[in-house]
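Beneath this line is the structure, given in structure tokens, with notes to follow.
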2 protein chains.
Amino acid sequence: MATAVAVTISDAEWRVMRIVWTLKQTDSRTIIDLLEQQHDWKPATIKTLIGRLVKKGALATTKQGRQFIYTPLIPEQNAMDTALTNELSQMCAMHRGTAIAHVLEETEMSQADVQNLIDVLAKKLPTAPASVHCDCLPDGCEGSCEE
Amino acid sequence: MATAVAVTISDAEWRVMRIVWTLKQTDSRTIIDLLEQQHDWKPATIKTLIGRLVKKGALATTKQGRQFIYTPLIPEQNAMDTALTNELSQMCAMHRGTAIAHVLEETEMSQADVQNLIDVLAKKLPTAPASVHCDCLPDGCEGSCEE
DNA sequence: GGCTTGAGTTTACATCTGTAAACGCAAAGT
DNA sequence: ACTTTGCGTTTACAGATGTAAACTCAAGCC
């Protein structure tokens with residue numbers, strides 16, 4: 001199996017990855033031009049981010065004449081997935097549902113996406129447990145979180 | 001309006017907050033005891049985290065004899081909400097729906113929660129746009145992201 | 001062939017985070 | 001009253017992150 005130790009992508013790095021994911025492959029010139037429009041980052045800053053992403057194994061480089069062509073080494077959907085799951089998993093298990101509800105309300109999604117989510121949930125409903133308990137305290141200390 | 005500049009809570013600090021949120025109020029002795037069971041953190045580490053949370057304005061202190069009673073200054077659901085929304089907002093708008101779908105599949109939720117989500121989505125369905133476009137490139141560069 | 005230019009690399013530095021020891025002091029015990 | 005204990009504070013330090021200048025070459029132009 002690949003030694004994909006779930007590379008961690010920081011906020012600023014995320015911007016760079018989005019460019020590469022969207023374009024599938026590009027050179028630094030393009031990345032820098034695009035990011036300079038979106039943020040007021042100096043080219044040097046963007047170069048640093050690209051460098052770190054390569055070192056982290058998030059971007060692959062292919063020598064193309066004098067420069068490099070960058071391509072993503074980790075799939076976008078995969079990164080999104082991991083980031084959200086990590087964030088959620090650090091929260092109280094009992095309250096995750098509510099948090100997701102709030103997020104759903106604030107997130108704009110296409111009709112197809114909404115429908116898809118409904119389907120996913122409908123399939124989940126039958127096997128969902130009657131309740132999920134708070135896991136904020138060490139085992140054996142539960143019970144204080146019911147409201 | 002309160003000067004709630006949306007305090008940022010780090011991963012380690014989350015553990016502390018969860019204890020306080022769950023217990024509503026406690027002293028450091030309790031926090032330290034509980035966290036020493038969950039992680040192998042030294043008491044000093046936990047003291048540092050508590051101190052930082054107080055300085056950040058996430059925890060309030062009330063002198064109680066020789067010690068302090070800590071209470072949360074920011075509501076748990078609020079913090080969860082902000083954290084998830086921040087994470088999501090840094091991702092490609094077009095792909096958020098799919099990411100949420102994946103998360104939903106992996107997150108254990110009570111039947112009531114699942115049902116609630118279905119309701120939220122059902123209400124959202126009518127007003128959902130036909131499609132949400134990729135916003136990874138600066139304005140005017142779109143179109144490369146359709147697949 | 002020498003100079004210019006630009007891509008990638010190195011170095012820089014403040015802040016945040018994880019992790020923790022050391023310290024100052026007031027309360028509690030004897 | 002004196003000592004001990006424990007709580008909160010100060011100090012420490014490495015690694016990650018945001019931000020960016022400086023430097024090194026090889027490719028491209030005259």
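Residue numbers start from 1 in every chain, and the chains themselves are labelled A, B, ... in the order their sequence lines are given, proteins ahead of strands. Only a predicted model underlies this, so the values are computations on that prediction, with no experimental measurement involved. Hydrogens, waters and symmetry mates are skipped; everything else that's a heavy atom, side chains included, is used.
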Practice prompt. Return the value, rounded to whole Å, for the distance between atom CD of B:Glu36 and atom P of D:dG6.
Written response: 13 Å

Worksheet item: Could you give the CD1-to-P distance, from B:Ile69 to D:dG6, as a whole number of Å?
Response: 17 Å

Worksheet item: Could you give the CZ-to-P distance, from A:Phe68 to C:dG6, as a whole number of Å?
Response: 18 Å

Worksheet item: Ignoring hydrogens and geometry, is there a side-chain-to-backbone donor-acceptor pair from B:Trp21 to B:Ile74 under 3.5 Å?
Response: yes

Fill in: Closest contact, heavy atoms only, B:His39 versus B:Arg15
NE2-NE, 3.3 Å

Item to complete: Determine: side-chain N/O of A:Arg29 to OP1/OP2 of C:dA7, distance under 4.0 Å, yes or no.
Response: yes

Worksheet entry | Rounded interatomic separation in angstrom, taking CG from A:Leu53 and C1' from C:dG8 | 14 Å

Item to complete: Check the distance between C:dG8's P and A:Asp27's CG and give it to me in whole angstrom.
Response: 8 Å

Worksheet item: Distance-only, no hydrogens or angles: does the B:Trp41 side chain make a donor-acceptor pair with backbone N or O of B:Leu35 under 3.5 Å?
Response: no

Worksheet item: For DNA chain D, what residues of residues 81-90 of chain A have any heavy atom nearer than 4.0 Å?
Response: none

Discussion item. So does A:Met91 get a backbone contact from the side chain of B:Glu76, meaning a donor-acceptor N/O pair under 3.5 Å?
Written reply: no

Fill in: Under 3.5 Å donor-acceptor, A:Arg18 side chain and B:Asp135 backbone
yes

Fill in: Value in whole Å for how far the C1' atom of C:dA27 lies from NZ of B:Lys63
10 Å

Fill in: Between D:dC7 (C1') and B:Gln67 (CD): distance, integer Å
7 Å

Worksheet entry | Atom pair distance, as rounded to whole Å: CZ in B:Arg15 and P in C:dG18 | 12 Å

Item to complete: Examine the side chains of B:Asp119 and B:Gln115 and answer whether a donor and an acceptor come within less than 3.5 Å of each other.
Response: yes

Worksheet item: Below 4.0 angstrom from OP1 or OP2 of C:dG8, is there any side-chain N or O of A:Thr61?
Response: no

Response to the item:
Reading nucleotides 10-25 of chain D from 5' to 3' and marking B where a protein heavy atom lies under 4.0 Å of the base, S where only the sugar-phosphate is that close, and - otherwise, the string is --B----SBBBB----

Worksheet item: Is it true that a side-chain atom of A:Lys124 and a backbone atom of B:Val114 form a donor plus acceptor pair closer than 3.5 Å?
Response: no

Response to the item:
Of all heavy-atom pairs linking A:Ala99 and B:Asp81, the shortest is O-OD1, 4.0 Å

Worksheet item: Is the backbone of B:Thr82 close enough, under 3.5 Å, to the side chain of B:Thr85 for a donor and an acceptor to pair up by distance?
Response: no

